[in-house]
*Asks:* 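One structure follows; several queries about it will come next.
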Amino acid sequence: MGKRSSFKRRKNDLYRTPWNAVPVLKHHLPARFRFAEPCAGNGKLIDHLRRIGGACAEAVDINPGRGDVGQGDALCWLPLQRPLRPLDFIITNPPWSREILHPLIMRCVQISPTWLLFDADWSHTQQAKPYLRHCRKIVSVGRVKWIEGSKHTGKDNCAWHLFTAEDHGRTEFIGRA
């Protein structure tokens, strides 16, 4: 999945979110929250977020992997309008390819505060500069075992990135405990 891997990438960057990437996020969410998942795949992240108090309002994926995930392209997706019960967050493990990630950041922040799980190195690059003004918080996860049953974790450190529509000027960094 990472940039230093010799393995062939999976189609549409379909890497299921393992549980160990989620507990660090719990400390930055309210006890109960409503979220949408626009890159849901087989819904593994939905299940994890439910375990920590989340209620999934809507989930889509370009190639849905189970019945409660609708078919939809995250770059064109708009959540169903529910004025009495708005979303608290968009939370997803998006494709890491920059041609998808960058437009996804800008689309999602116009809808709701957005937590995205991807490589931590991104924030140290020139390409991140236009998006960092929307990045409110980065929560370090460390290395994640993306391939279930494999012996090794990925070669890239990961982080949850919180993006909002506002220009924050500063990004809060939360390191690993």
*Asks:* Supply the atom-to-atom distance Cys39 SG to Asp73 CG, rounded to the nearest 0.5 angstrom.
*Replies:*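 That separation rounds to 8.5 Å.
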*Asks:* Which value, rounded to the nearest 0.5 Å, describes the distance between Leu116 atom CG and Ile138 atom CD1?
*Replies:* 11.5 Å
*Asks:* Flag the pair Tyr131 / Met106 as yes when at least one side-chain heavy-atom distance between them is below 4.5 Å, and no otherwise.
*Replies:* yes
*Asks:* Among residues at least two apart in sequence or on other chains, which ones pass side-chain contact (heavy atoms from CB on, under 4.5 Å) with Gln127?
*Replies:* Arg98, His102, Trp122, Thr125
*Asks:* Any pair with a residue in residues 101-111 that passes salt bridge (Lys or Arg N to Asp or Glu O under 4.0 Å), sequence neighbours left out, goes on the list, sorted by first then second residue, please.
*Replies:* none
*Asks:* Go through the steps for Leu104 and Leu75 under the test side-chain contact (heavy atoms from CB on, under 4.5 Å), then give the verdict.
*Replies:* CA-CA 6 Å; Leu104 185 65; Leu75 295 176; 3.9 Å; yes
*Asks:* Please answer: with hydrophobic residues joined when any side-chain heavy atoms are less than 4.5 Å apart, are Leu132 and Phe163 in the same cluster?
*Replies:*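 Linked within one cluster.
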*Asks:* Given side chains that start at C-beta, do those of Arg133 and Cys135 come closer than 4.5 Å, heavy atoms only?
*Replies:*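 The answer is no, as the side chains (C-beta and beyond) never meet within the 4.5 Å cut-off.
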*Asks:* Can Ile174 be reached from Leu25 by stepping across I, L, V, M, F, W or Y side chains whose heavy atoms are under 4.5 Å apart?
*Replies:* yes
*Asks:* Check whether any side-chain heavy atom of Pro113 lies under 4.5 Å from a side-chain heavy atom of Leu162, and answer yes or no.
*Replies:* yes
*Asks:* Between Asp61 and Gly41 (side chain of the first, backbone of the second, donor and acceptor by atom type, cut-off under 3.5 Å), is there such a pair?
*Replies:* yes
*Asks:* Answer whether the closest heavy-atom distance between the side chains of Ile105 and Thr114 falls below 4.5 Å.
*Replies:*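 No, their side chains stay 4.5 Å or more apart.
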*Asks:* Considering all heavy atoms of both residues, which atom of His48 and which atom of Val22 are nearest to each other, and what is their separation?
*Replies:* CB-CG2, 3.7 Å
*Asks:* So which heavy atom on Pro79 is nearest to which on Trp77, and how close?
*Replies:*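 The pair with the smallest heavy-atom distance is CB-CZ2, 3.5 Å.
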*Asks:* Quick one: pull up NE2 in His28 and CZ in Arg136 and give me the separation to the nearest 0.5 Å.
*Replies:*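 Here the interatomic distance stands at 12.0 Å.
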*Asks:* Side-chain heavy atoms nearer than 4.5 Å, only ILVMFWY residues, links allowed to pass through others: does that put Trp19 and Val139 together?
*Replies:* yes
*Asks:* Would you confirm whether Gln71, through its side chain, and Val60, through its main-chain N or O, come within 3.5 Å as a donor-acceptor pair?
*Replies:*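 Not at all, since once roles are kept as given, no pair shorter than 3.5 Å links the two residues.
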*Asks:* Under a 4.5 Å cut-off applied to non-hydrogen side-chain atoms, are Glu37 and Leu45 in contact?
*Replies:*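 A side-chain contact under 4.5 Å exists here.
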*Asks:* A side-chain contact here means heavy atoms from C-beta on lying under 4.5 Å apart; do Asn42 and Val69 qualify?
*Replies:*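 Result no, sub-4.5 Å side-chain heavy-atom pair not found.
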*Asks:* Could you measure the distance from the CZ atom of Arg143 to the CG atom of Asn20? Nearest 0.5 Å is fine.
*Replies:*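 Interatomic distance, Arg143 CZ to Asn20 CG, rounded to 0.5 Å: 13.5 Å.
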*Asks:* Please report the shortest heavy-atom distance between Leu101 and Pro95, naming the atom on each side.
*Replies:*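 Leu101 and Pro95 have their closest heavy atoms at CB-O, 3.8 Å.
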*Asks:* Please tell me whether Trp115 and Ile100 are part of a single hydrophobic cluster in this structure, the criterion being side-chain heavy atoms less than 4.5 Å apart.
*Replies:* no
*Asks:* Can you check whether Phe35's main-chain N or O pairs, donor with acceptor, with Asp88's side chain at less than 3.5 Å?
*Replies:* no
*Asks:* Enter the distance from Lys44:NZ to Arg66:CZ here, rounded to the nearest 0.5 Å.
*Replies:*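 It is 10.0 Å, given to the nearest 0.5 Å.
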*Asks:* Among all residues two or more places apart in sequence or in another chain, which pass the side-chain contact (heavy atoms from CB on, under 4.5 Å) test with Val141?
*Replies:*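 Per chain and number, Val141 pairs via side-chain contact (heavy atoms from CB on, under 4.5 Å) with Ala21, Val24, Leu117, Val144, Cys158, Trp160.
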*Asks:* Nearest 0.5 Å please: distance from the CG atom of Leu87 over to the CD atom of Glu58.
*Replies:*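 Leu87 atom CG to Glu58 atom CD measures 8.0 Å (nearest 0.5 Å).
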*Asks:* Side-chain contact, heavy-atom cut-off 4.5 Å: Leu29 with Lys26?
*Replies:*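 Not touching, per the 4.5 Å side-chain cut-off.
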*Asks:* Side-chain contact, heavy-atom cut-off 4.5 Å: Pro86 with Arg34?
*Replies:* no
